[in-house]
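These notes concern the structure reproduced below.
Quantities reported herein were computed from a predicted structural model and do not represent experimental measurements.
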Amino acid sequence: MIRRYADEPRLSGAVRHGGLVYLAGQVADDTSLDAEGQTRDILTQIDHLLAETGSDKRHLLSVQIFLMDIKDIDAMNRAWDAWIDAGCKPARATVEARLADPAWRVEITAIAACRPDARDA
């Protein structure tokens with residue numbers, strides 16, 4: 001069964017299938033924030049999406065982070081390091097990319113496993 005969450009006109013914020021959760025690129029709601037603040041905003045959104053889909057950050061398998069300016073990597077990493085569970089770090093790639101909205105400093109997408117206790121409704 002395929003389940004879609006946080007539907008928007010062009011995409012679903014997350015899709016669950018076969019025990020995995022696929023997150024669309026998440027961007028900050030508050031674009032006035034710097035890269036560290038935008039990253040914190042995005043990670044909060046990811047927490048909520050993962051909880052809704054039967055997962056959590058300890059079950060992240062792979063994360064891709066896109067930075068408008070690679071010079072923001074230290075700021076992004078400060079927010080990331082404060083958020084991630086050190087014993088459950090996912091595979092991760094971070095690249096510089098031209099994002100669709102110039103106000104976005106950071107965009108994050110991920111794949112996570114569902115928690116073993118999560119029901120596939």
Side-chain angles (χ1 to χ4, degrees):
M1 171 184 286
I2 298 173
R3 294 205 53 204
R4 300 176 197 286
Y5 301 82
D7 284 336
E8 296 182 19
R10 292 187 180 97
L11 57 91
S12 296
V15 176
R16 179 176 164 175
H17 175 68
L20 295 176
V21 176
Y22 303 86
L23 298 184
Q26 303 298 308
V27 295
D29 290 329
D30 185 352
T31 59
S32 71
L33 298 170
D34 64 7
E36 185 173 354
Q38 286 195 21
T39 302
R40 280 193 307 268
D41 183 333
I42 294 164
L43 295 174
T44 297
Q45 292 176 49
I46 288 173
D47 279 334
H48 290 132
L49 274 172
L50 291 174
E52 185 179 353
T53 60
S55 189
D56 58 53
K57 65 185 173 186
R58 292 173 296 124
H59 288 83
L60 284 169
L61 302 173
S62 176
V63 173
Q64 294 180 334
I65 301 173
F66 305 94
L67 298 175
M68 179 67 82
D69 186 336
I70 200 67
K71 293 176 187 171
D72 286 335
I73 194 165
D74 291 336
M76 179 276 300
N77 274 329
R78 281 191 297 274
W80 175 268
D81 292 344
W83 176 78
I84 197 67
D85 183 327
C88 300
K89 295 177 291 220
R92 190 186 103 172
T94 304
V95 299
E96 182 178 67
R98 184 176 301 166
L99 303 179
D101 183 332
W104 295 338
R105 306 293 310 158
V106 182
E107 184 170 353
I108 301 175
T109 186
I111 300 170
C114 293
R115 289 186 323 268
D117 65 336
R119 292 178 11 142
D120 192 21

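- Note: the hydrophobic cluster containing Val27 does not contain Leu43 (ILVMFWY, side chain heavy atoms under 4.5 Å, direct or indirect links).
- Looking at residues two or more places apart in sequence or on another chain, you find no ring pair (Phe, Tyr, Trp, His ring centres under 6.0 Å) involving Trp104.
- Atoms CD1 and CD, on Ile111 and Gln64 in that order, are 7.5 Å from each other to the nearest 0.5 Å.
- Taking CD1 of Ile108 as the start and CG of Leu67 as the end, the distance is 8.5 Å to the nearest 0.5 Å.
- Interatomic distance, CG of Leu50 versus CG of Leu60, reported as 5.5 Å (0.5 Å rounding).
- Atom CZ of Arg3 and atom OG1 of Thr53 lie 9.5 Å apart (nearest 0.5 Å).
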Please table the atom pairs, donor to acceptor, closer than 3.5 Å between any side-chain atom in residues 68-77 and protein atoms at least two apart or in another chain.
| from | atom 1 | to | atom 2 | distance (Å) |
| --- | --- | --- | --- | --- |
| Asp69 | OD1 | Lys71 | N | 2.9 |
| Asp72 | OD2 | Arg105 | NE | 3.0 |
| Asp72 | OD2 | Arg105 | NH2 | 2.5 |
| Asn77 | OD1 | Arg92 | NH1 | 3.1 |
| Asn77 | OD1 | Arg92 | NH2 | 2.9 |
| Asn77 | ND2 | Ile73 | O | 3.3 |

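- In this view, Thr44 satisfies the side chain to side chain donor-acceptor pair (under 3.5 Å) rule with no residue, not counting sequence neighbours.
- Sorted by first and then second residue, the ring pair (Phe, Tyr, Trp, His ring centres under 6.0 Å) pairs with a member in residues 60-81 read Trp80-Trp83; sequence neighbours excluded.
- Scanning for salt bridge (Lys or Arg N to Asp or Glu O under 4.0 Å) contacts around Glu36 gives Arg40, Arg78, with sequence neighbours left out.
- Closest approach of Ala113 to Leu20, counting heavy atoms only: CA-CD2, 4.0 Å.
- Taken from CD1 in Ile65 to CD in Glu107, the straight-line distance is 11.5 Å, to the nearest 0.5 Å.
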Begin with the C-alpha distance, continue with both residues' side-chain angles, and end with the deciding distance and a verdict on side-chain contact (heavy atoms from CB on, under 4.5 Å) for Lys57 and Ile46.
-> CA-CA 8 Å; Lys57 65 185 173 186; Ile46 288 173; 6.0 Å; no
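- With sequence neighbours left out, the side chain to side chain donor-acceptor pair (under 3.5 Å) criterion links Asp56 to Arg58, His59.
- When all heavy atoms are compared, the tightest approach of Val106 to Gln38 is N-OE1, 3.6 Å.
- Remark: Leu61 CG to Ser55 OG distance equals 8.0 Å, nearest 0.5 Å.
- Residues Gly37 and Asp34 share a closest heavy-atom pair of N-OD1, 2.8 Å.
- Residues Val63 and Ile84 share a single hydrophobic cluster, defined by chaining ILVMFWY side chains whose heavy atoms lie under 4.5 Å apart.
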